[in-house]
Amino acid sequence: MALRPRLKVSSIGSPFLQLGSSATGFSFSQACSVSKLGFHPLRLQRNKNSSPTRLLIWATRTKSKGVIWASGPHNFRFLLSLTNRPAPPLLLPEPLTGKVWTLEDFEAYPALLVMFICNHCPFVKHLKKDIVKLTKFYMEKGLAVIAISSNSVATHPQDGPEFMAEDAKLFGYPFPYLYDESQDVARDFGAVCTPEFYLFKKDGRRPFELVYHGQFDDSRPSNNMPVTGRDLSLAIDRVLSGQQVPSEQKPSVGCSIKWHPGKKF
């Protein structure tokens with residue numbers, strides 16, 4: 001039986017997301033699992049005024065635009081997707097070159113990969129060399145790539161623009177590594193952790209549309225699994241070949257984005 005979940009925001013600025021489905025027994029989690037710092041799972045409660053299959057999901061970050069996962073009976077997993085949403089606008093400097101980049105700079109490309117990373121996070125460090133290999137390979141096939149650091153330098157000065165430029169040089173980043181000082185771009189994307197990957201496709205004159213918001217692969221700093229980039233590679237391959245990206249996408253895992261002290265979204 002096909003499941004047709006329906007996701008809507010009950011009101012502008014409301015902390016509630018409402019799910020209607022033809023099946024029961026679902027559990028929910030936010031798209032990006034963050035390691036220990038700054039992340040709180042979604043809390044689940046029933047709506048007493050609706051049918052037994054209607055649930056209310058309360059999210060700690062009510063303005064997060066990330067995807068939400070639903071797990072049903074028999075471990076069936078699907079994506080309550082905010083995919084197909086357009087890429088948010090951006091206007092960000094590249095510390096290494098001083099150039100300011102916008103989304104319009106990539107209009108001619110068939111796909112765009114946006115990565116939220118930083119210098120210090122062990123989850124990012126674990127993948128850096130392989131991120132460079134993967135992006136170099138696909139950039140030669142027509143993929144546009146940018147990386148963004150949104151961490152607060154007030155709490156993590158090692159993630160500041162001077163050190164970003166050094167990191168870009170050291171690892172030979174083939175993509176622009178951009179500085180989101182205001183953290184507005186991270187907010188607009190709904191990013192919550194590093195690393196976090198957003199893959200957009202371009203169809204003619206239509207805006208970039210999100211088709212993948214998931215992990216690099218199953219490797220983690222402490223699980224002894226080899227870094228392969230399998231999940232992200234498969235998604236990029238499908239986009240560049242004009243195929244549909246599967247909706248079953250494993251969320252990224254990493255360090256929380258370090259928000260400016262006292263800043264609320």
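Positions are given from 1 along the sequence.
- With a 4.5 Å cut-off on side-chain heavy atoms, Leu232 and Tyr212 count as touching.
- Judged by distance alone, with hydrogens and angles left aside, the side-chain atoms of Tyr198 form no donor-acceptor pair with the main-chain N or O of Ala87 at under 3.5 Å.
- Heavy atoms from other residues, nucleotides or ligands lying under 6.0 Å from CD of Gln243 number more than 12.
- With a 4.5 Å cut-off on side-chain heavy atoms, Ile146 and Leu90 count as touching.
- Among residue pairs with one or both ends in residues 151-167, those qualifying as salt bridge (Lys or Arg N to Asp or Glu O under 4.0 Å) are Lys128-Asp167; sequence neighbours excluded.
- Closest non-hydrogen pair, Gly229 versus Leu134, comes out as O-CD1, 3.9 Å.
- Proximity of Phe189 to Leu210: side-chain heavy atoms (C-beta onward) are nowhere separated by under 4.5 Å.
- Here the side chain of Lys129 pairs no donor or acceptor atom with the backbone of Leu127 at under 3.5 angstrom.
- Between the OG1 atom in Thr155 and the CD atom in Gln158 there is a gap of 8.0 Å [rounded to 0.5 Å].
- Taken to the nearest 0.5 Å, the OH atom of Tyr109 stands 7.0 Å off from the CE atom of Met139.
- When each of Tyr179, Phe175, Tyr173 is tested with Tyr177 by the rule ring-ring contact (aromatic ring centres under 6.0 Å, His included), just one qualifies, namely Tyr173.
- For the pair Ile148/Phe116, a side-chain contact is recorded, criterion being any heavy-atom separation below 4.5 Å from C-beta on.
- Atoms OG and CG, from Ser252 and Asp231 in turn, are 10.0 Å apart once rounded to the nearest 0.5 Å.
- Partners of Tyr138 according to the ring pair (Phe, Tyr, Trp, His ring centres under 6.0 Å) rule, which considers only residues two or more places apart in sequence or in another chain, do not exist here.
- For Asp218, the side chain to side chain donor-acceptor pair (under 3.5 Å) partners two or more places apart in sequence, or in a different chain, are Gln215, Lys250.
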Ser150/Val185 under side-chain contact (heavy atoms from CB on, under 4.5 Å): CA gap, chis, key distance, verdict
CA-CA 8 Å; Ser150 301; Val185 173; 5.5 Å; no
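- A heavy-atom distance below 4.5 Å is found between the side chains of Leu199 and Leu143.
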Please walk me through it: do Leu96 and Lys169 pass side-chain contact (heavy atoms from CB on, under 4.5 Å)?
CA-CA 8 Å; Leu96 180 62; Lys169 277 186 180 180; 3.6 Å; yes
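- At least one donor-acceptor pair under 3.5 Å links the side chain of Lys202 to the backbone N or O of Gly204.
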Begin from the C-alpha positions of Gln183 and Trp259 and carry the test side-chain hydrogen bond (donor to acceptor under 3.5 Å, both in side chains) through to its verdict.
CA-CA 8 Å; Gln183 303 184 322; Trp259 305 106; over 6 Å; no
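- Put simply, CZ on Phe200 and CZ on Phe106 are 12.0 Å apart, with the number rounded to the nearest 0.5 Å.
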What verdict does the side-chain contact (heavy atoms from CB on, under 4.5 Å) test give for Arg205 and Glu107, after you've listed the backbone C-alpha separation in whole Å, the side-chain angles of each residue and the deciding distance to 0.1 Å?
CA-CA 8 Å; Arg205 294 187 177 183; Glu107 283 291 311; over 6 Å; no
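- Rounding to the nearest 0.5 angstrom, the gap separating the CZ atom in Arg187 from the OG atom in Ser182 is 7.5 Å.
- Of the possible donor and acceptor atoms, one in the side chain of His260 sits under 3.5 Å from a partner among the backbone N and O of Glu181.
- Summarising the local packing, CG of Asn223 is surrounded by more than 12 heavy atoms from other residues, nucleotides or ligands at distances under 6.0 Å.
- Cys255 does not pair with Cys118 as a disulfide, the SG atoms being 2.5 Å or more apart.
- In this structure a side-chain-to-backbone donor-acceptor pair under 3.5 Å is missing from Thr102 to Leu91.
- Side chains of Pro174 and Val132 form a contact here, defined as non-hydrogen atoms less than 4.5 Å apart.
- Rounding to the nearest 0.5 Å places CZ of Phe216 at 5.5 Å from CG of Asp130.
- In this structure, the side chain of Asn151 does not engage the main chain of His156 through any donor-acceptor pair within 3.5 Å.
- You'll find the side chain of Ser149 stays beyond 4.5 Å of the side chain of Asn119, heavy atoms only.
- A heavy-atom distance below 4.5 Å is found between the side chains of Pro110 and Leu240.
- Annotation for Ser152 and Pro261: closest pair OG-CD, 3.8 Å, computed over non-hydrogen atoms.
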